[in-house]
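Down below is the structure, laid out as structure tokens.
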Number of protein chains: 2
Amino acid sequence: MKTYSISDVAKELNLTVYTLRYYDKEGLLPFVERTDSGRRLFKENDIEALKVIECLKSTGMPIKEIKSFIDWCGDGDATLQQRYNMFIERKATVEAQLAELNKTMEVIEHKCWYYKTALEAGTEDIHKDDKIEV
Amino acid sequence: MKTYSISDVAKELNLTVYTLRYYDKEGLLPFVERTDSGRRLFKENDIEALKVIECLKSTGMPIKEIKSFIDWCGDGDATLQQRYNMFIERKATVEAQLAELNKTMEVIEHKCWYYKTALEAGTEDIHKDDKIEV
DNA sequence: TTAATCCTTAGAGTTAACTCTAGGTCAAGC
DNA sequence: GCTTGACCTAGAGTTAACTCTAAGGATTAA
């Protein structure tokens, strides 16, 4: 079975070796094995797990909570319900983030228009009577 | 013209008074006036400006960069191009964030399905041959 | 008029997530 | 066999964005 060094994995996932060691220190990578001399040996599956960790991180989940999930994974079928609940919760979080980001996009697009027209007019004064300005 | 105290504004925008004073200290609120005794006096327009600041913050823009924008606003029409460029850049950033968040959502939804079916089966083993697991 | 409540500043403390350094071990290439 | 570079740990340092404390002045309500 193919294995990867810590710097291989760092390159593959666009992380630093520091970050990977930090994750390990925080208990996110209990499944990563070691060589006899103590070097980390990543397997394909470990990289997939790290992708899930990165996915959870991108939802804004703090590392301590991700650790709970990783711990549950090690506990087997008894924790299936917790893990399911966690992903349902994450789904709601991401839905809220998408809604918020879409609202943000609307404001940004309004501002693009605001400055485009101001630029064409040579002055911001053309928006003097608008509702929103800065 | 109606004015607001710092705690009025904090309530309205779901921020703390600490945060508002911190923004002021960082130079984000040069337009906020003071009473004779030195208390901050927010106007309707200042609250609108703070909403734009919150919008920029929600795109991940650091406070120092938001300060540049606020400074440009104080410099008048000479900086219209910079401000326009900034919002075009922000738009691209948010588009990328939306794309990433949608990808994240796909993974989360897959995991919801993964654990829903595992839960129904009583064991994770039914996914033994899947491509992605943790 | 006096107590409670709000405001002020300066500056210290907190937190998360890295990021790096020091000092050492190990492995691969010449 | 020796050098170079990758790896290891422990622990210190960094950064952004707050968050709070202390000490004191102003405003409001009874």
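Heavy-atom basis, side chains included; hydrogens, waters and symmetry copies ignored. First the proteins, then the strands, lettered A, B, ... as listed; each starts at 1. Bear in mind that the values here come from a model prediction, so they are computed numbers and not experimental data.
- Proximity note for A/Y23 (side chain, C-beta onward) versus C/dC7, D/dC18, C/dC18: the nearest is C/dC18.
- Nucleic acid contact for A/S5: sugar-phosphate only, since backbone atoms but no base atoms lie under 4.0 Å from a heavy atom of the residue.
- The phosphate of D/dT27 has OP1 or OP2 within less than 4.0 Å of a side-chain N or O from B/S37.
- In this structure, A/R21 places its CZ atom 7 Å from P of D/dC7, rounding to the nearest Å.
- Nucleotide D/dG11 holds its P atom 15 Å from the CD atom of A/E26, rounded to whole Å.
- In terms of polar N and O atoms assigned as donor or acceptor, the side chain of A/R39 never comes within less than 3.5 Å of the base of C/dA27 in a complementary pairing.
- In this entry the distance linking CG of B/L20 with P of C/dC7 reads 11 Å, nearest Å.
- Rounded to an integer number of Å, the gap from A/D36 CG to C/dC26 C1' is 12 Å.
- Ring geometry, B/Y115 versus A/F69: the interplanar angle exceeds 60°, so the pair is classed perpendicular (tilted spans 30 to 60°).
- Of the two residues near DNA chain C, A/P62 and A/Y18, the one whose nearest nucleotide lies more 5' is A/P62.
- One can place NZ of B/K11 at 13 Å from P of C/dT5, the figure rounded to the nearest angstrom.
- For C/dC18, one of the phosphate oxygens OP1 or OP2 lies less than 4.0 angstrom from a side-chain nitrogen or oxygen of A/K57.
- Applying the 4.0 Å criterion to OP1 and OP2 of D/dC20, one finds that B/Y22 has every side-chain N and O outside that range.
- Whole-Å rounding puts the A/F42 CZ to D/dA6 C1' distance at 14 Å.
- Heavy-atom contacts from other residues, nucleotides or ligands closer than 6.0 Å to CD of A/E109 number more than 12.
- Residue contacts for A/R40: at a heavy-atom cut-off of 4.0 Å it reaches the sugar-phosphate backbone alone, with no base atom in range.
- Considering only side-chain N and O atoms, B/R34 lies under 4.0 angstrom from the phosphate OP1 or OP2 of C/dT9.
- Using a cut-off of 4.0 Å between Lys/Arg side-chain N and Asp/Glu carboxylate O, B/E33 and B/K43 are scored as salt-bridged.
- A salt bridge does not link A/R21 to A/E26: none of the charged side-chain nitrogens sits closer than 4.0 Å to a carboxylate oxygen.
- Using a 4.0 Å heavy-atom cutoff across all strands shown, A/S7 reaches sugar-phosphate atoms only and no base atom.
- Ranked by how close their nearest DNA chain D nucleotide is to the 5' end, A/V17 and B/G60 are led by A/V17.
- Here the P atom of nucleotide D/dA16 and the NZ atom of B/K25 are 15 Å apart, to the nearest Å.
- By the 4.0 Å N-to-carboxylate-O rule, A/K57 lies close enough to A/E54 to be salt-bridged with it.
- Atom-to-atom, NZ of B/K67 to P of D/dA16 comes out at 15 Å; the value is rounded to the nearest Å.
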